[in-house]
Amino acid sequence: MDTAAREAPAALITGGAQGIGLGIARRLREDGYRVMIADIDSEAGEIASRRWDLAFECVDTAEETDVARCVQAAVTRYGRLDALVNNAGIAGPECGPVESLDLADWNRWLGVNLTGYFLTVKHAVPALRAARGTVVNIASTRALQSEPNTEAYAASKGGVVALTHALAVSLGPDIRVNCISPGWIEVRDWRKPSRAELPTLSPEDHAQHPAGRVGVPGDVAALAAFLLSTEAGFITGQNYVVDGGMTRRMIYRD
Ligand code: NAD
């Protein structure tokens with residue numbers, strides 16, 4: 001490996017094989033990072049790895065032994081860790097009525113969407129501290145507002161926002177930690193080939209957003225790239241909403 005390659009920053013992105021995580025992985029690769037994606041879907045991970053020049057580890061982020069092995073693999077491969085993006089999540093928010101929500105299902109939502117974020121940071125702290133690195137956590141606008149029957153998802157995402165400011169205070173000034181809360185981001189065309197679909201979005205889907213359109217992974221990736229950069233050096237502990245203005249629109253029914 002030449003010196004320039006050794007000095008390129010290194011990023012670890014959970015859930016980076018598809019969707020928003022893949023959007024962030026591709027953006028960071030374009031920006032010159034060496035990127036490892038950690039994903040539970042080995043088929044998606046292998047395809048993304050080959051196609052976009054990403055290292056891949058098959059990981060369930062809710063399992064501490066998996067996470068420890070993956071962080072170690074990234075540090076061994078790159079000799080450093082500058083950026084951690086916690087994105088892996090059970091993306092579907094619908095958990096059914098709270099009175100029939102199984103404890104096991106609740107625990108799985110919290111395990112992946114919240115505990116997984118804690119585990120990656122726990123194991124990455126020494127390497128991030130050494131690199132004066134940065135963490136970006138992907139939460140959701142559902143940390144702020146809800147539809148019915150989304151308790152487990154909403155609680156996990158609210159937890160991510162709180163975890164973010166707690167970590168920022170504990171780990172600063174060595175490590176900055178910020179959070180992005182996406183709104184409606186269309187990812188059907190960012191899935192592995194066997195699951196990919198052409199998005200069918202209506203004019204109303206777009207028009208209900210004050211920005212005039214539904215979001216794409218690149219909208220989240222652009223902010224993640226900025227928050228990970230030194231230009232964001234005075235920003236930590238914050239949650240940024242990327243939703244085309246949807247959470248700012250007041251809706252009354254007749
Ligand atoms: P997606 O399903 O397209 O991608 C999620 C990726 O995470 C997949 O590759 C999946 O295999 C992986 N993953 C799931 N569980 C995992 C686990 N236990 N360990 C490792 N990898 C795992 O979803 P997406 O829409 O791209 O969502 C990405 C993140 O953004 C999630 O945290 C989601 O909650 C959040 N989010 C998405 C939207 C949206 O509209 N798409 C909106 C708000 C928040």
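Only heavy atoms go into these numbers, but all of them, side chains included; no hydrogens, no water, no symmetry mates. Counting from 1, the numbers follow the sequence of the chain as shown.
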(message) Is there a side-chain contact between L119 and T61 in this structure, where contact means two heavy atoms from C-beta onward sitting under 4.5 Å apart?
(response) no
(request) Give a yes or no on whether a salt bridge exists between R108 and D60, defined as a side-chain N under 4.0 angstrom from a carboxylate O. (result) yes
(message) Can a donor-acceptor pair be found, under 3.5 Å and without considering hydrogens, that links the side chain of S140 to the backbone of A143?
(response) no
(message) Test of understanding: with side chain to side chain contact (heavy atoms under 4.5 Å, CB included), list the residues that count as partners of A17, not counting sequence neighbours.
(response) I37, D39, A44
(request) Specify the closest pair of heavy atoms between V242 and I185, including all atoms of both residues, with the distance to one decimal. (result) O-CD1, 4.3 Å
(request) Of all the heavy-atom pairs spanning Y33 and A11, show the shortest one and how long it is. (result) CD2-CB, 3.8 Å
(request) Using modelled atom types only, decide if a donor and an acceptor are shared between the side chain of R26 and the backbone of W52 within a distance under 3.5 Å. (result) no
(request) Consider only side-chain heavy atoms of I, L, V, M, F, W and Y, link residues closer than 4.5 Å, and tell whether W184 and V187 are in one cluster. (result) no
Name the atoms and distances for all side-chain donor-acceptor pairs under 3.5 Å in residues 89-101, with sequence neighbours left out.
{"from": "S100", "atom 1": "OG", "to": "P97", "atom 2": "O", "distance (Å)": "3.3"}

(request) Could you list the residues that satisfy side-chain hydrogen bond (donor to acceptor under 3.5 Å, both in side chains) with S156, not counting sequence neighbours? (result) N113
(request) Can you sort out the partners of T200 under side-chain hydrogen bond (donor to acceptor under 3.5 Å, both in side chains), two or more places apart, ordered by chain and number? (result) none
(message) So does L227 get a backbone contact from the side chain of R176, meaning a donor-acceptor N/O pair under 3.5 Å?
(response) yes
(request) Return yes if some donor-acceptor pair links the side-chain N/O of K157 with the main-chain N/O of I138 below 3.5 Å, else return no. (result) yes
(message) Quick one, R142 and E147 - any side-chain contact, counting heavy atoms below 4.5 Å?
(response) yes
(request) Report yes or no: do H123 and Q72 form a side-chain donor-acceptor pair below 3.5 Å? (result) no
(message) Can you tell me how far apart CG (L201) and CZ (R213) are? Round to the nearest 0.5 Å.
(response) 11.5 Å
(request) Compute whether any side-chain donor of one residue and acceptor of the other, for T141 and D243, lie under 3.5 angstrom apart. (result) no
(request) Hey, could you give me the CG/CD distance between N149 and E151, rounded to the nearest 0.5 Å? (result) 6.0 Å
(message) Can you confirm whether V135 sits close enough to L171 that some side-chain heavy atom of one is under 4.5 Å from a side-chain heavy atom of the other?
(response) no
(message) Which residues pass the side chain to side chain contact (heavy atoms under 4.5 Å, CB included) test with A10, not counting sequence neighbours?
(response) Y78, R80, D82
(message) Looking at S181 and Y240, would you say the former's side chain and the latter's main chain have a donor-acceptor pair under 3.5 Å?
(response) no
(message) Strictly distance-based, threshold 3.5 Å: is any side-chain N or O of S170 a donor or acceptor partner for the main-chain N or O of L167?
(response) no
(message) Atom CZ of residue position R188 - does it have more than 12 heavy atoms of other residues, nucleotides or ligands inside 6.0 Å?
(response) yes
(message) Can you confirm whether more than 12 heavy atoms, excluding those of E231, are under 6.0 Å from its CD atom?
(response) no
(message) Can you tell me how far apart CG (N137) and CD1 (I180) are? Round to the nearest 0.5 Å.
(response) 9.5 Å
(message) So which atom in N87 and which in G15 form the shortest heavy-atom distance, rounded to 0.1 Å?
(response) ND2-O, 3.1 Å
(message) Holding to ring pair (Phe, Tyr, Trp, His ring centres under 6.0 Å), I want the full list of residues that pass it with W190, two or more places apart in sequence or in another chain.
(response) none
(message) Nearest 0.5 Å, please: how far is CD in E197 from CG in D189?
(response) 9.5 Å
(message) So which atom in L114 and which in L163 form the shortest heavy-atom distance, rounded to 0.1 Å?
(response) CD1-CD2, 4.2 Å
(request) Compare every heavy atom of A124 with every heavy atom of V71, then report the nearest pair and how far apart it is. (result) CG1-CA, 3.9 Å
(message) I'd like to know if V160 and V169 are part of one continuous hydrophobic network [Ile/Leu/Val/Met/Phe/Trp/Tyr, side-chain heavy atoms within less than 4.5 Å].
(response) no
